[in-house]
Structures are given as structure tokens and as C-alpha cells.
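Take a look at the structure set out below.
We name chains A, B, ... by the order of the sequence lines, and we start the count at 1 in each one.
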Amino acid sequence: MPIQVLPRTTVRQIGSSQSISSPTSVVKELIDNALDARATSIFIEIASNTLDTIVVRDNGHDLSTIGGKWLGFRGEALASLAELSGELKILTRVEGEEVAVCLKIGKDGEIQK
Amino acid sequence: MATIKPIEGRSVHQIQSGQVIVDLCSVVKELVENSLDARATSIDVRFKNYGLDSIEVQDNGAGIASEDFETIALKHYTSKLSNYADLSTLQTFGFRGEALSSLCALSKFHIITARASDGPKGTRLEFEPSGKLKETSVVASQKGTIVAVENLFYNLPVRRRELEKNIKREYGKVLNLLHAYACISTGVRVAVSQQISKGKKVVVFSTKANTTTKENISQVYGAKTVLALVPLDLKLEMNPLGGAASSSVKANIPDDTSREVHISGHISRPVVGEGRSTPDRQMFFVNSRPCALPQVTKAFNEVYKSYNVTQSAFIFANLVMDTNAYDVNVSPDKRTILLHDQSMLLEKLKECLVDLFENHDQSVPQSQFAPRKLPGYKPLSTSRETSKGDEENATRETIPTSTEDGGQEGNETQTSTVDSTGDATTQEDGAPISFIKTFVERNADSRREKPQMPTRPATNVNCVSKSKQNLIRSLERAQREPSAESDQQEDNEKASEDKDEMIIDDEMIPTQEVHVPRIVEDFNARIASPKTIANPQKDTSPHPPLFTHTSETPIPVISTPQKMPSSQNTIQNAFDRMRMKRTPQQTATITVGDRTSIVTIGSSTNKRRRIHEPQFFTGDEGPSSSLFSRKKKSFAAPGTEIEVSDVEEEINDVLEEDGDSGEEVKGSVADVTTLDHAASPRSDNDAKLYAERSEEESEKEDEQSSSDKRPVDADVGDTDDEYIDEEEKKAREDARVTDMIAKAEEAAARPSSDNLKRATNVFKSGNTRKHSTLKLVQQLDTTVTKIEAGLISLNQAIHDCMRSSNNDKKATEVSTADTSPEERLSLTVSKSDFGRMSIIGQFNLGFILTVRPASTSSPPANDSLGKRTLLRTPTVRSVDDELFIIDQHASDEKYNFERLRRETILQPQRLVRPLQLELTAVEEEVIINNPAAIAANGFQVEIDESGERPVGRCCRLLGLPMSREVTFTTEDLEELIALLSESGTSSSSALLSPGIVSASTLLSLNHLNQHIPRPSKVRRLLAMRACRGSIMIGKTLTEKQMRTVVRNLGDLEKPWNCPHGRPTMRHLTALGTWEGWGEGDGLVGMERDGGKVNWREYVEGR
């Protein structure tokens, strides 16, 4: 078999399942995100089988203001989540806005809606 | 910064590369895996300066096609995978296409590759950090690929510094990793070498394309490691998941895939002493991919610990399973593997391991105690023969056995003398030949039967076979040649040919004929040419048999100085070795009475001759003496023979063993005195040496062992006379010897010390023997019918024995092929054996001696056992019978401990005020699920199920276990909870209603759920109670009690060690190899009876 490039999707799949290997890492990545967003309060809801739903809510602001140390830096977590989950939804309301925005993200990481 | 934007390309590359190549290990691992994936059969890994300067991996694999040069190092280019679905059927180590590109990013990297079609020309590829091909050049190269990584992490300063700082540790980790690859890769030569700066290249280790992992392990870790391993071959049948798996998951996993997990490999014997002190050698593989399986590791260790508390196992386990059944793509280094159905796999694994270990049970370090054979012994036996031969032929049958045991082992010279005398007599009678034959054959048989005997693990089968060959040859010769001794000598010769092997043989094989012959051999070799003439002349006249004998063999050659064994061994092997070496020694030591003199023997050999000349020859062989003088030099051994015979004749008395020795001594003395006359001083010395040596040995033995062994000769009834003779002789000898000693003193100094050592050893051995106790009193309570029944059963048993022994032979022959020699040689005891052991008696009021009958005999029921012992009939003793010593206290303690641990319910003491427990949710779950175990350990916990309290505060502690000596706290409860959570979720107690459980349900539960975890304090408490309540050392036990103790052992979970770790049992010796023993030695007929001492006769007779 000659050496050939892996299809993009394969690369994504391989990489994603590496960075998100279990529900534990899902929760970890999301909490990291919340902490990076300077949240002062974080709520986590997990379905009893740890698979069906995982919801992390925080009251952080966006990542704009403060520099310094981030827990995350690779930009892989959400992409991997999108790849591996049945449905990834991000509900966010930036301070000062009146309504929140719900983002549904597809397998390829593009916003669907 | 605030906004989300893509990371710039180069940074991505570096970040990802840093994830793939994190340390030295990952570099080596990726490269070696590439080589393995390329089907290389030879892999060289070369480190320079621990890999800081460079790491090179060379293989002879397929090489890289030129069209792939451009893409080889690009990220996500690979030949091992084409899409994600292939992952589930992956057969190669690598698959992501990241390693080489990462290496490009983090180091100076180049490849030299050549394919088979390229001839001796290879291509050198240089790359840019991005992985793009920079340039190619042509170089000379063999087929295969060399990948060189230099200056690792040159562009990541922090990592570089870390690496330099920890390089030794990193290097160690790399080696461990390479060990794993080297061990699992059968058919691949793996060589690892290291070069420090400009130093020399050092090969760290290498394997040789072995076909089995076992050979690999032995080459990587040393052959010794392998000896302690047992093969691991577990088949775990994985039940398909029940309803738990969702349909979608099921769809992914085709039903036809094999659900069986096969674990092959090696693991340390589950016996104390066979493990390792640290768990540093535990390798796990999934389909040959080295990986870390923490849960599996833990399961292995848990099970192993329960058999060998103090040590860790060497584990080499390859989990062969369907590629669908696990997920490799978890961590960048692929060391983490997710096993589907892991919990089920673990459960099954533990079960199988327990089975395996149970079957292996205890392989006891086999006692290497062997009956000691003293050199002096021989002369006794020989003299006996001669005397008997002269006097009565009838006694001969008995003689052979004694000679075998004692005499053959003894010195060569002695044997030779014995032989000559014996031969002469025997030949005249005509009987001796057959006698000898049978003798030899007997040994041969025993040897053949014995290969199973577990004496030495390391010794080779080859040795045995050689010895057998020798035997066979010797047998053939024996048939041809009338004199048995010649046979023996020949044997010896052969044996001596390969001395090392001989030693081994001796160790393995109880029969000692081989030893004796050695000296003779030497003699023959040296003397051969000169003597031939002399012998016939000399020998012809007195004893025709001597003649033949001498002509054949007896030229003593003292070739190598003997090596004196410094320490007398507990070990049979060592002992044998000492002996054997001794005989060939050049130095001769004469001990007369208290004095010992040692003479180093020069080149020539005629020791005995001279001795003979002055005294005997003049008288008897006057004419031959002149001839003698000429040929003195050549004849060493024959001289001695003559001497003995002459002496015997002269004395006319029935010379007992002692007599012989005494005579010999005299002879030697004579030689010494005649030294002046001797043509060559050296020859004299030699003669002296031999004489001395034999004398010395014989004397010592006589002195020490004579008391014990003489009685054998009781038939003759001349014991008193003998003793007197000895004394007289000694007196005379002393006088002469003083002169001798004066002359020989200089030479004597060194050897004498040796002799003394020997002597002390011998003495010691004699003493130790006297410590052994016997059960002298036997109460008989029986009826005629009982006896008859017993007789019948006995006959039956004998019958079975014979048959089984025959079967055994066949079986062993067959089995030798597949079982490794180590396996055959190690002694294993299984729990069921305790049921079969027959009780011999109590030893030192602290130990029970038992015999485990050969495995083939049907396990006797208790009744028949009793009968057997009562009847006191000589039981059929098989070669496989093993003698064990069992610690009565430790055994009973272990029994009580297991009983207590199973049944004890500690009494709780209520707390005045219930204690609110602060627990995590998980801990609370454990408490709720295991009420029985909690209660059994004496904790009372109230669980609030109303749901009103928050999680973590539902439990209140009502009571703590109570004991006089120990105070319990909540920490003990925490420990218990930890134990419970470790012990697994499968607690049947969940079925019971939570809450405080009644004792009855508890007990019933105990039967279901055998194992109640006990916190350390409770365990200690129970161990203490068990200890106190057990049979103490010093207590006299009746046979019934002893039997109970032994039988109880068989029912225990782990009978091998008491709760404090002391072993309950040790192997003493195999009865098959055991011939007589100290106190019994010399008793008439004892040896004939087949080993059972007939004490009643003994007592009555005396």
C-alpha cells in the first residue's frame, strides 16, 4: 500500500476520538472552557449513564478581556465534541445582549443554524 | 486575543508534534513500530549518548518506494490506513501518519532507505521541519531502512533541558519499552546498543529471532528469569452483552466476531520466593501491541498477591482478541487501550488466574538434602564383599546394595581395591558377574525411572541421556567383561570425559556409580601405556581376576589437582561435586589417628606398589617383586588392590571394613618408610597419596561411621575382633606414620587443612543425623481380619504400584517431549495431596512428618491409612514418594484463621452518640450495597433512606467493632469501604435489604460470598486469635490429631503460609533417592527391606 494522505474526515475522526476519549474528558474540556471564561459559577448536569446528555452551564463572560493562562489552547475540544456527539448545542448570551443565541454545530464543525 | 481565530499552521504542527513525540520513548517506539510494520526480521537500535545526540533505528524491512519519498514525512500521510473504519481491523502498529512528520518538526531527521530491487544503493532523504522532502542523495546501503533522529527537541528548549536532566531515567524507560518489543516480537532479531560520547559501542541486549517469547525473555532478562515462570494460557469466553448494549452499538459489532479473549504469556510462579521484589517487569500486550492496561495489571497483581504476599509477579501477558473488541486510538502514544467489556474481562481473568494458580498450587523448593556418602564408607563395603566372598557366597546379595550406596561413591582407589578383591572372589565363584550386572542394571533402571525426579531445575535432559548412554555402554561391557568393576570404571571414564556433565548427572541421578569410576579412569588414562606389561606379570600369579581388572583399567592418572570443597553442603550437588573432584586430586592426605599428612603427587603413579613391595610382596610375591620394582611407576591402582588382597590373606582374620582400612593404612605406611628405596620419589609420593587418601577417607569414615555402619556386618559377628584389630593397627600405624609425617610435613600443610575440614564436616554430618528422631513406639490394636484386609489392600497397592510405575515410565517418556525440563524437575504439591499424605510422626514436638505417596497410587482412605501404619508392613516405596515436614502450629493457625475470617462477626459496641459520617457519593453507594460485609466487621451503620438528607450525609455510624486489644476508629471503616469498592461490584448482598443484617443472613451470605474483606486491623486481630487458639509448638500430638491438621490443610483456600507469612510446609526429600540414614545405617537388613525401618525387629533383636 503506497503512502497516501488520509482523508480529512478520517484525520478529524482519529484526532477527535483521541482528544475526547471518555465522558470524563468531555466534562473536563467544558469546565476548562468555563473557567477560562472567568465563570464564577458552574453547573453540571449529567445523565445517569453519563452518555445521553452532558450540560455545563456557566456565568462567565467571553474570552475577551483578560489575557494570561488558559486551560485550553489547542482549539480541539469543541471540534472534537462536534465530531463525536450526536448533537452539540451551544447556548450563549453575551453580556449586554437581550437574547441568547443557540448554536447547533454539525459534524464538520460548521454552524448549522 | 479575544476573538476566536485559527491557530497558525506552523504552530499547529508544533503543538501536534509535541503531542505525538513527547519523550525519548515515543521516538524509539514510533521508529521500532515502523520497522516492525515493515516486516523487518532484524532491528538495530543505536543510541548515542543515551539518545541525546542521536537515535538510529536500522531494519531490514521492505524499504521505502521512491514514489513515496515526497510524502513519507508529511502529516497524515500513511500507508497503514485509508479511512476511519479501517481502525477496527487494524493490523499494524501505526496508523495516523503523524510520527515522521512530528519527528521532522522536533529534530534533525533523515532517512536512508533501500529496497531489495535497488541493489546495494540506497537513498538518503533529508526533510524540512514541515515534513517536506528537502533533498535526496545516493549512498551505499543494504536493503532496509535506517532512520536517524538527531538532536531531539532542539527547537523546544524546555523539553530539551528536561530531557537532558532526566536522560538516565528516560533511557531506562526506553530500555523497558524495548524489552517489551523484543520479547513479544518472535522471529525478529532486536539488538540495542549504546555509545557514550566517543566511547565504545556497548550492546545493551539483543535477541536472536527466536520463535518463542520464552526464548526472547530468557535472552532479554537472563535464563534464570525464565525458570521462575509458568506459562500463561488463559481463554476467556466473553459472553455477548445482554440488553445492555444498545442496538446501534450492536450494529457496529458483527455478531460473528470472536468473543473469545486469549491471554498467553508467562507469569511468575505463585510461590513465595519466585516473584520479584518490585513490579518492574510487567508487560501487557494487546494483539502484540505493548500497552498499559492499569486495570488488567491490577487484576493480575491482586490475584498474584493472594498467593505470594510479599512479592510481585513478573508478568508477560499478551491479550489476543478481536480487533473490534478494543480501541487503540485513545492517546497519542497508543499505550492506552480501551477494552470493551473490560469489567467482564477482568472478572473472567481473575477467575482464570485463580484456577491457574490453584492448579499450580505450591511448588515447593525441593529439598536438596541428600544422604551423605562418606568416602570411607567404601572400603568398608568392599572389605565386606571380599570377606564375604571368601567366607560365604550367600551374603552377597545383601552386599551389592551396600556397596552401591556407600562404596561406589567412595574414592576411586578404594573402589578399585574393592573391585579387585571382590572380583577375584566373585569370579572364582562365578556368581559375581551376574551379581554385578544386576547391580548395574538396577541402577540403570532406577535412573530411567528417575528422570522425573526434580532435583535440579537447570540441569539438562541431555545429561541424563548421556548418563544413560554411559550406563548402557557400561552394561554392554559388563556383559562382555566378567569384572563388574571394570564396568564401573568404564562408566567412570565416560563420565570423566565430560566432567561437568558428569557432575550434573550425579546431581540428578542418585546412583553414585559414576563417581567412583572417575578416579579409575584417570588412572587408566595415565598408566595405560606403561602398565600393560607390568600388570599381567604381577597380577597373574595371585589373582586371575585382578589381572583382567588391572589390565583393563587400573592405571591411576592424577591429572588435575582436586579442588577441595570449602563448605560441606547442604546441597547434594555440591557434595557430589566435592567428592568427584576429590578423587582425582593430586594431593594425598594420610590421616592416622589424629594426625594427617598430605603429599602432593607428582607425575607418575606408582603409589601402591611400593607399599606393597616391602611387606607383602616379599612374602607372597617374592618373584614378582622385581618386576614390580621396574613397573612400580606405572601401577598405582593395582598395587593398592594387591595390597588389600595380600593383607587380607596375611591377616587371615575376617577382615571387616575396618580391617581393610587398617590394612591400607599399613600399606601406606610401609610405602612411606620405603620411600628411600623407591626409584623415583615422585612415584612414591603418588603412591602415598593414593594410599593415604584412601586410608584417610576410609579411616575417617570408619571412625565416624563405623559405629553406625558396622552393625551391617553383624552377620559376621566379629565386630569386637574387628575393633580390636583396628586399635592395634592404629597403634602400629601411628608409630610408622610419625616418621612419615615428619618427612611429609611440608607438603602436608595445605591439604591437611582440607582434610580437617572434611573430617569436621563428616563429624558434623554424623551429629546431625543423631538429632533426627524416630517414632519408636507403635501401638498395635488390631484383629486378624483387619490384618487380612490390610494385607489384601496392601497387595492391591503393590500391584497398582507396579503397574503405575510401568505406566509412569511410558508416561514420562511421552511427556518429556512437551513439558520443559524445568517443569518436570520442579516439585508441585496440590491441595488434594494433603488428603493423601500419610503421617509418619511428629518431629521435635513441632513438626509433622508426612509422606506423600507417588501420585499414581490411589489415595488411601483414612481407614486404610491407619491400617497401613498399624500393620507396619514395609510399604511399597515408590521413587516418587516425597517426604514433607509440616509446621503444626502454622498449619493449624492458618486453618483457624481462614475459619475465623470466614465466620467471625465482630461484636459492635454502640456509640453513645451516633456519628454522622461524611462520605462521598461513591462511598455511600458502597455502604448501601454491602451491608453484610460492614456488619461482619463489626460496624453498625444506619442508613437514612428517606432521601431527606443530602447525598453524603445519609449514613450515621452507630457502633464500632469491639475488641479488648484494639481500638477501632472511623478510619477502619474507611479502609473497609476502600476494600469493598476494590473487591468489585458483584456483591450478592445487594439483594438483601439494606440495614443491619441479622447474623443468620450473614452466615448464609458467607457461603455465597466466600470472601469478606477485612480491614487490616481486623485481619491482624483475627490472625492473633487464630494464633492463640492453635496447636502450639511443643505440644505432643496423637496421630489422629496430626492427621486432622494435615487434612485440614487440604480444605484451606491458601494453605501455604500462615497469616503471618510463615510457610506451613517444606519439602524434605524424595524418598526415592534416599537410601538409609544416619541412625539406621548398619542395621541388618534395613536397606533390604526397602527403606522402611523395621523398628520392632530392631528393638527385639537387640
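- Contacts between B:Ser331 and chain A at a heavy-atom distance below 4.5 Å involve the backbone alone (N, CA, C, O).
- Of all the heavy atoms in A:Ser17 and B:Asn329, the pair that sits closest is OG-ND2, 2.6 Å.
- Contacts of B:Leu74 with chain A are absent, with no heavy-atom separation under 4.5 Å from either backbone or side chain.
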What side-chain donor-acceptor pairs closer than 3.5 Å can you find for residues 6-13 of chain A, not counting sequence neighbours?
unit_1, atom_1, unit_2, atom_2, d
A:Arg12, NE, A:Glu83, OE1, 3.2
A:Arg12, NH1, A:Asp108, O, 3.3
A:Arg12, NH2, A:Ala79, O, 3.3
A:Arg12, NH2, A:Lys107, O, 2.9

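- With a 4.5 angstrom heavy-atom cutoff, B:Glu70 does not touch chain A via any of its atoms.
- What you find for B:Leu338 and A:Ser21 is that their closest heavy atoms are CD1-O, 3.9 Å.
- Contacts of A:Glu45 classified as salt bridge (Lys or Arg N to Asp or Glu O under 4.0 Å), with partners at least two apart in sequence or in another chain: A:Arg57.
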